Amino acid sequence: MTADDILREMGLGPVWKLRATPAAAPVEESAASSPAAFPSVQEIAPACVTAVDAAMTWDELATTVAACRQCRLCEARKQAVLGVGDANADWLFVGEGPGAEEDQRGEPFVGQAGKLLDNRLAAIGLRRGENVYIANAVKCRPPENRTPAPEEAAACRPYLERQIELIRPKLIVALGRPAAQTLLQTEVKIGAARGKLHDYRGIPLIVTYHPAYLLRTLLDKAKAWEDLCFMRRTMQARKGG
Ligand code: URA
């Protein structure tokens, strides 16, 4: 089986070749269709007022998130999207925020980007809901699918933190720059951050491209495959082979 066949099976093919005069290099990835950079952490509101009890159960967390009004994203949402999957999963995938279909259906990654995510999971023998949990950095849809603002990401972060405490995954995969920056609380450039093992409070964390970015970009698909292999190797090592 060739590399092209593998990429096609992942839903990442066909592989396009650059023409003699290449177009401008793709902007560092963002899930949003406009290439707005994620704001620096220094800009993030210093005081986050979202109250999440350290003993909060899944049910309490779900009720709190559903009723959350800590930032302006609540104004236009149809519903908050907490996450989906196995509450004791080894794998946690974190995206940016719900889009229109996710807002409508109440589940993360159910649109085009979600189909690609499911294909990427299948490529390493995973299925949504089976030892996998999928969440987002922000739980409410940013209007026009824009990148979440720093104060929105900061207000929502305690929910993600509580989810991670409850799930206790063996590996976290940050899908795209906003997810990576929210989790790592530092400026991230995907090109520099991918291929390395990061740490979220003692849990290994891998940064990779957001599926929406891969849908738009032709150049980074082989790298996305490398990232999948790195994830699988890391999990195998965590489980002891
Ligand atoms: N993009 C995301 O980051 N999350 C979703 O749930 C859907 C699209």
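Note that ligands are numbered from 1 as they come in the structure, with each ligand's atoms numbered from 1 the same way. Atom set for the values below is all heavy atoms of this structure, side chains included, hydrogens, waters and symmetry mates excluded. Since the structure is predicted, the reported quantities are computational estimates derived from the model, not experimental observations.
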Margin query: One pair to check against side-chain hydrogen bond (donor to acceptor under 3.5 Å, both in side chains): Y209 and D227. What are the steps and the verdict?
Written below: CA-CA 9 Å; Y209 299 100; D227 291 350; 5.7 Å; no
Next item on the list: Tell me, please: is A212 in heavy-atom contact with ligand 1, that is, under 4.0 Å?
Entry: no
Notebook entry, point to check: Closer than 4.0 angstrom: is that true for some heavy atom of H210 and an atom of ligand 1?
Noted result: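 Checking ligand 1 against H210, which is what was asked, there is a heavy-atom contact under 4.0 Å.
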Item checked: ligand 1 to P98 polar contact by distance, N or O atoms, under 3.5 Å -> no
Note to self: So for ligand 1, is G99 a polar contact partner (N or O within less than 3.5 Å, distance only)?
What the structure shows: no
Item checked: V132 vs R127 side-chain heavy atoms within contact, under 4.5 Å -> no
Notebook entry, point to check: Is any side-chain heavy atom of L183 closer than 4.5 Å to a side-chain heavy atom of V94?
Noted result: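 Answer yes - side chains close enough.
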Checklist line | Stepwise side-chain hydrogen bond (donor to acceptor under 3.5 Å, both in side chains) test for T147 and R177 | finding: CA-CA 10 Å; T147 302; R177 199 174 178 206; over 6 Å; no
Note to self: Please list, in number order, the atoms of ligand 1 under 4.0 Å from a heavy atom of P108.
What the structure shows: 6 (O)
Notebook entry, point to check: What atoms of ligand 1 come closer than 4.0 angstrom to any heavy atom of G95?
Noted result: 3 (O)
Notebook entry, point to check: For the rings on Y133 and W58, is their centre-to-centre separation under 6.0 Å?
Noted result: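 Between W58 and Y133, which both carry aromatic rings, the centre distance is below 6.0 Å.
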Which donor-acceptor pairs under 3.5 Å do side chains of residues 97-104 form with protein atoms, sequence neighbours excluded?
unit_1	atom_1	unit_2	atom_2	d
E102	OE1	G99	N	2.9
E102	OE2	V110	N	2.9
E102	OE2	G111	N	3.1
D103	OD1	K78	N	2.8
D103	OD1	Q79	N	3.4
D103	OD2	K78	N	3.3

Check: Between E96 and ligand 1, which part of the residue brings a heavy atom under 4.0 Å of the ligand: side chain, backbone, both or neither?
Finding: both
